[in-house]
Number of protein chains: 2
Amino acid sequence: MAGRPREFDRDEALAKARDLFWERGYEGVSMADLVDAMGIASARIYAAFESKEALFQEAVMLYASGEGGFATRALAEEPNILDAFERLLRDAVLLYTRPNHPYGCMIVMAATNYTVNNQAVRTRLGRYRRDRAASLHARLQEASETGELKPDADPRALAEFYAAFLHGLSVQAADGVPRDILLPTLSQALLPLKSALSKG
Amino acid sequence: MAGRPREFDRDEALAKARDLFWERGYEGVSMADLVDAMGIASARIYAAFESKEALFQEAVMLYASGEGGFATRALAEEPNILDAFERLLRDAVLLYTRPNHPYGCMIVMAATNYTVNNQAVRTRLGRYRRDRAASLHARLQEASETGELKPDADPRALAEFYAAFLHGLSVQAADGVPRDILLPTLSQALLPLKSALSKG
DNA sequence: TCAATTCTTTGTCGATCGACAAATAATGTG
DNA sequence: CACATTATTTGTCGATCGACAAAGAATTGA
């Protein structure tokens, strides 16, 4: 276990790949683009990351465990469900409209188009999106069972409503809708949850 | 002004191209795919439609003036704003989850990823999406001025909220979320408008 | 009938796609 | 030191991309 040491910073290179995929999507980024952005020859990329698809996959995981994990964090850390959703939505807008970063959510934007070869890439991101909807549902279901929500509240409908809204925020942001336009939509978006609360 | 008559049905061929672009997006469809789906040689496609980009453009216009025009129709035909938005959202879900058709909205799905060459395609669809948001805004603004909405209602925030939700519905549908899951989210989504109504 | 026009057939073009082979260089270990 | 191991350099591979050139076929109008 020795060998010549790697001369570039693997994490740095991965972050640059993530940003490029985030902005243009899997198929919008060519190996030549990656060579330019990462600053290393293609053979080195293959040696370090195996393939374009594996590199993309790792870049998505970096995103999901970093900035992209805001939903998981808000749901886990906020005991009050309204606080959780307020924070979650606010963090989403702030991330999707962050200056000097690609607009929108990487997991929503990076693989909606797909050639036949790359259907697997799209399907996997779709699964991530469904996972997020499922975690919203789980939190709302829990709130329903603990009495945080009214007995007649519909956790599933609320979950899919917020999942849809989150995905839509990403499209809006990617289209250049600015932060100060998107933030005021959140008080609208929170009304369904508020009217499902027991003490509201 | 004569010449050999065209042997294939141009409208039929265009509709097939629309369906393919709808399902896989601009860059997800190659000329070879179009040749297969439309059943005509590539030189004939170029003779009839000029280029892949022009064909895509025309396919988008076909979609927008057909099934994709549900929002325009609902806003124009329903005098009551709540009726308009109820119908608009319902039509969206029905279209996006229509059996034997691609899922989701063509204008939302067909060009979110883009290589540098095709940035123009993406930008144009983004403009269409902004136009739809603008038409929602116009209708809400009108409702505000005629007193259909409360004086303190925020037409812009409502418009961007519904634009985002519509875009999100498309992502959800494209991920395979079924119609009977998406329809119950609409009563949630209508709450913000209902609470902005004057007589509510 | 023939000239002008338009469509269809056939084949191919240069560019780019993702991916790798082979040779060389740099490390730790024995 | 020699050796095994891993990284880098350099060049290139076959496949596919969108696009079109050239020639033949079918139509209308003169």
Side-chain angles (χ1 to χ4, degrees), chain A residues 1-14 16-18 20-21 23-60 110-111 113-122 124, chain B residues 1-14 16-18 20-21 23-60 110-111 113-122 124:
Chain A
M1 36 148 20
R4 178 173 177 170
R6 183 176 289 123
E7 290 181 1
F8 66 94
D9 186 321
R10 194 178 185 281
D11 294 338
E12 245 175 55
L14 180 61
K16 286 177 183 170
R18 176 204 55 199
L20 208 54
F21 282 131
E23 192 184 345
R24 295 199 213 144
Y26 179 67
E27 298 196 333
V29 175
S30 70
M31 283 305 300
D33 293 333
L34 290 167
V35 167
D36 285 350
M38 302 168 81
I40 54 181
S42 75
R44 303 171 75 182
I45 299 179
Y46 280 91
F49 299 99
E50 187 163 20
S51 70
K52 186 191 171 188
E53 187 171 341
L55 171 61
F56 177 75
Q57 175 65 14
E58 204 169 331
V60 167
N113 306 151
Y114 55 98
T115 55
V116 263
N117 316 334
N118 301 326
Q119 208 156 347
V121 174
R122 203 216 103 92
R124 192 174 313 122
Chain B
M1 40 155 11
R4 177 172 178 172
R6 182 177 287 123
E7 291 181 0
F8 66 93
D9 186 323
R10 194 178 184 280
D11 293 340
E12 246 175 55
L14 180 60
K16 286 177 183 168
R18 176 204 57 198
L20 207 54
F21 282 131
E23 192 183 346
R24 296 199 212 142
Y26 178 69
E27 299 196 330
V29 175
S30 70
M31 283 305 301
D33 293 332
L34 290 167
V35 167
D36 285 351
M38 301 167 82
I40 53 180
S42 74
R44 303 171 76 183
I45 300 179
Y46 280 91
F49 299 99
E50 187 166 20
S51 69
K52 186 191 172 190
E53 187 172 341
L55 171 62
F56 177 74
Q57 176 64 13
E58 205 170 331
V60 168
N113 305 151
Y114 56 98
T115 55
V116 264
N117 316 333
N118 301 327
Q119 206 156 349
V121 176
R122 204 216 101 91
R124 191 175 312 124

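Chain letters run A, B, ... following the sequence lines, proteins first, then strands; residues in each count from 1.
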Report task. Quick one: label Val29(B) by what it contacts on the DNA or RNA (base, sugar-phosphate, nothing), any heavy atom closer than 4.0 Å. Result -> sugar-phosphate
Query raised in the report: Taking for each residue the nucleotide of DNA chain C bearing the nearest heavy atom, is the 5' side occupied by Arg6(B) or by Met31(A)?
Result: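 The answer here is Arg6(B).
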Query raised in the report: Considering heavy-atom distances to DNA chain C, does Ala41(B) or Thr115(B) have its closest nucleotide positioned more toward the 5' end?
Result: Ala41(B)
Would you tabulate the nitrogen or oxygen pairs shorter than 3.5 Å linking the protein to nucleotides 12-16 of chain C?
none

**Report entry** Under-3.5 Å donor-acceptor pair between Arg4(B) side chain and dA25(D) base
**Finding:**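 By the distance-only test, yes, there is a pair.
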For [X] and [N], what is the distance between atoms [atom1] and [atom2] respectively, to the nearest whole Å?
X        : N       : atom1 : atom2 : answer
Phe56(A) : dA19(C) : CZ    : P     : 14 Å
Arg44(B) : dA23(D) : CZ    : P     : 20 Å
Ile40(B) : dT9(C)  : CD1   : P     : 10 Å

Query raised in the report: Taking the nucleotide of DNA chain D with the closest heavy atom to each, which residue, Ser51(B) or Glu7(B), is nearer the 5' end?
Result: Ser51(B)
Query raised in the report: Taking for each residue the nucleotide of DNA chain D bearing the nearest heavy atom, is the 5' side occupied by Tyr26(B) or by Ala47(A)?
Result: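 The answer here is Ala47(A).
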Are any of the side-chain heavy atoms of [X] and [Y] separated by less than 4.5 Å?
X        : Y        : result
Met38(A) : Leu55(A) : yes
Val60(A) : Phe21(A) : no
Arg44(B) : Glu7(B)  : yes

Query - Tyr26(A) vs Gln57(A), side chain to side chain contact (heavy atoms under 4.5 Å, CB included): CA-CA, chis, key distance, verdict - result: CA-CA 10 Å; Tyr26(A) 179 67; Gln57(A) 175 65 14; over 6 Å; no
Query raised in the report: Can you pull the salt bridge (Lys or Arg N to Asp or Glu O under 4.0 Å) pairs that have at least one residue in residues 26-35 of chain B, sequence neighbours excluded?
Result: Arg24(B)-Asp33(B)
Query - Presence of Tyr46(A) side-chain N/O under 4.0 Å of dA19(C) phosphate oxygens OP1/OP2 - result: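 True: Tyr46(A) side-chain N/O within range (under 4.0 Å) of dA19(C) OP1/OP2.
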